[in-house]
There are 2 protein chains.
Amino acid sequence: MKKQERQRYIKRLLSSNEIERQEDFVSLLRAENIEVTQATISRDIKDMQLVKVPSATGGYHYSMPVQKQMDTEKKLKRTLKDAYVSYATQDKFVLVKVLPGNGPALASLIEAMHYDEVFGTIGDDATVLIICKSLALTLDLQQKIQRLLSDN
Amino acid sequence: MKKQERQRYIKRLLSSNEIERQEDFVSLLRAENIEVTQATISRDIKDMQLVKVPSATGGYHYSMPVQKQMDTEKKLKRTLKDAYVSYATQDKFVLVKVLPGNGPALASLIEAMHYDEVFGTIGDDATVLIICKSLALTLDLQQKIQRLLSDN
DNA sequence: TCCAGTCTTTCATATTTATGCAAAATGGCT
DNA sequence: AGCCATTTTGCATAAATATGAAAGACTGGA
């Protein structure tokens, strides 16, 4: 189906771009050969319950819905606590080792969080490599992970 | 100061969540004898990082930012765990007793959570009385508090 | 007190977002 | 296929939100 596919694209765009207005979605989708109007995006956003968040830096950007994020974070926390083995950082990478079999689950949870810091993740059975958007953001992400681990 | 006081009002208005547009804030504040324009509300919302959330029922409403909610919940948990003595319920009231000195802090944290169930709170040095909006909601709130106490 | 710098507000308006309605597309059914 | 019901979309525009610029308020210091 058309709409669903587009909404999948929208989700993916969320994590990889700083999207300030609905027209940004329109252009980014056009770049992927998907033609839509702002009206449709507005409806998609309502459907998906995305929100336009005032960011600390003074701008705005679209982001995943609150509830989903909280649910996902809970799962992420549990998975991390259950399966965590170790982690290491280098450059823009954070490498998390987990118990065998937990890699894919963890990776997809991290994807689902749509962290601003994260460019993408890739993993195997027992490892997740998180690629950040910048060095500074790598630090941020590291802290987030530590917090998830230590935090009640 | 003026701005901060207004933003406190805005926070309180949030929990009585029928707020669909910024003009709603303007009218509600006018009802409390606070005159502002939509422009100022827009800037307040940016300051406070409130978001306009597409609700499941098809409309929109303004809401607290995710991050702040999570931070507050964390503090609330800690305070409860640290200072909790006992609690009792009657009618639409939940009465929480805490160690001396912790009442006001707890009350303001509960206010800050903007629980839908809560009509208002009042407290002294060692007690917080939470007034719920209905009997059913009192039960809900009780469960929330228990969860905060028991929960990891 | 008066001033300069900073912050806050309003007004006016630009920008962005939401939506009524008609047209187009999609999905069964027969 | 052909038809009807339902869903989705675009267009046009209404509605809502954000923001530059000017004016007003506030603050600390001379």
Side-chain angles (χ1 to χ4, degrees), chain A residues 1-69 114 116, chain B residues 1-68 114:
Chain A
M1 183 167 290
K2 198 78 182 305
K3 182 182 169 189
Q4 285 176 15
E5 196 196 357
R6 186 185 56 245
Q7 294 196 350
R8 290 163 63 88
Y9 269 94
I10 288 177
K11 270 198 194 171
R12 294 195 40 227
L13 288 173
L14 265 189
S15 57
S16 55
N17 300 76
E18 204 52 2
I19 295 175
E20 302 186 329
R21 36 180 158 301
Q22 299 184 355
E23 289 291 355
D24 292 345
F25 280 114
V26 176
S27 347
L28 287 167
L29 286 171
R30 181 168 7 254
E32 309 224 32
N33 267 26
I34 300 174
E35 292 288 328
V36 265
T37 59
Q38 173 270 324
T40 299
I41 296 294
S42 172
R43 294 190 178 103
D44 283 340
I45 281 170
K46 192 172 185 175
D47 264 23
M48 304 169 71
Q49 297 186 240
L50 302 185
V51 293
K52 190 183 177 188
V53 188
S55 62
T57 57
Y60 295 86
H61 70 274
Y62 278 92
S63 148
M64 287 293 281
V66 187
Q67 195 50 57
K68 292 229 173 110
Q69 270 185 9
H114 292 93
D116 285 351
Chain B
M1 183 169 289
K2 199 78 182 303
K3 181 181 168 190
Q4 285 177 17
E5 197 197 356
R6 185 185 55 246
Q7 294 197 350
R8 289 165 62 87
Y9 271 93
I10 288 177
K11 272 196 193 172
R12 295 193 44 225
L13 288 174
L14 266 188
S15 59
S16 56
N17 53 21
E18 298 297 338
I19 298 180
E20 302 187 327
R21 35 179 163 297
Q22 299 185 355
E23 289 291 354
D24 291 347
F25 281 114
V26 176
S27 351
L28 287 168
L29 286 172
R30 184 172 358 259
E32 310 224 31
N33 267 26
I34 300 174
E35 292 289 328
V36 267
T37 58
Q38 173 270 324
T40 298
I41 296 295
S42 173
R43 292 194 176 96
D44 282 340
I45 280 171
K46 191 173 186 174
D47 263 23
M48 305 169 71
Q49 297 186 240
L50 302 185
V51 294
K52 188 184 178 188
V53 188
S55 62
T57 58
Y60 296 86
H61 71 273
Y62 278 93
S63 150
M64 288 289 283
V66 191
Q67 196 52 59
K68 294 243 170 90
H114 293 94

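Chain letters run A, B, ... following the sequence lines, proteins first, then strands; residues in each count from 1.
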Measure [atom1]/[X] against [atom2]/[N] and give the value in whole Å, please.
X      : N       : atom1 : atom2 : answer
R21(B) : dA14(D) : CZ    : C1'   : 12 Å
I41(B) : dT19(D) : CD1   : C1'   : 16 Å
D24(B) : dA15(D) : CG    : C1'   : 13 Å
L29(A) : dG10(D) : CG    : P     : 11 Å
I34(A) : dT8(D)  : CD1   : C1'   : 15 Å
F25(B) : dA18(D) : CZ    : P     : 12 Å
D47(B) : dC7(C)  : CG    : P     : 12 Å
R30(A) : dG10(D) : CZ    : P     : 11 Å

Exercise for review: For residues P54(A) and D47(B), determine if any side-chain heavy atom of one lies less than 4.5 Å from a side-chain heavy atom of the other.
Suggested key: no
On the nucleotide [N], are OP1 or OP2 found under 4.0 Å from the side-chain N or O atoms that [X] carries?
X      : N       : answer
T40(B) : dT10(C) : yes
Y62(A) : dT17(C) : yes
R6(B)  : dT9(C)  : yes
Q22(B) : dA18(D) : yes
K3(A)  : dT26(C) : no
K52(A) : dT17(D) : no

From the options [options], select the nucleotide whose nearest atom is closest to the side chain of [X].
X      : options                   : result
S42(A) : dT17(C), dT9(C), dT17(D)  : dT17(C)
R43(A) : dA18(C), dC21(C), dG20(D) : dC21(C)
T37(A) : dT17(D), dT10(C), dC11(D) : dC11(D)

**Study point:** Pair of N/O donor and acceptor under 3.5 Å linking dA16(D) base with E23(B) side chain
**Key:** no
Review point. Any donor-acceptor pair under 3.5 Å between the side chain of Q38(B) and the base of dA16(D)?
Key: no
Practice item. Walk me through it: do Y62(A) and E20(A) pass the test side-chain hydrogen bond (donor to acceptor under 3.5 Å, both in side chains)? Key: CA-CA 6 Å; Y62(A) 278 92; E20(A) 302 186 329; over 6 Å; no
Practice item. Compute whether any side-chain donor of one residue and acceptor of the other, for Q22(B) and Q38(B), lie under 3.5 angstrom apart. Key: yes
Exercise for review: Walk me through it: do D44(B) and K3(B) pass the test salt bridge (Lys or Arg N to Asp or Glu O under 4.0 Å)?
Suggested key: CA-CA 8 Å; D44(B) 282 340; K3(B) 181 181 168 190; 5.5 Å; no
Exercise for review: Identify the heavy atoms of L13(B) and I19(B) that sit nearest to each other, and give their distance.
Suggested key: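 The answer is O-CD1, 3.6 Å.
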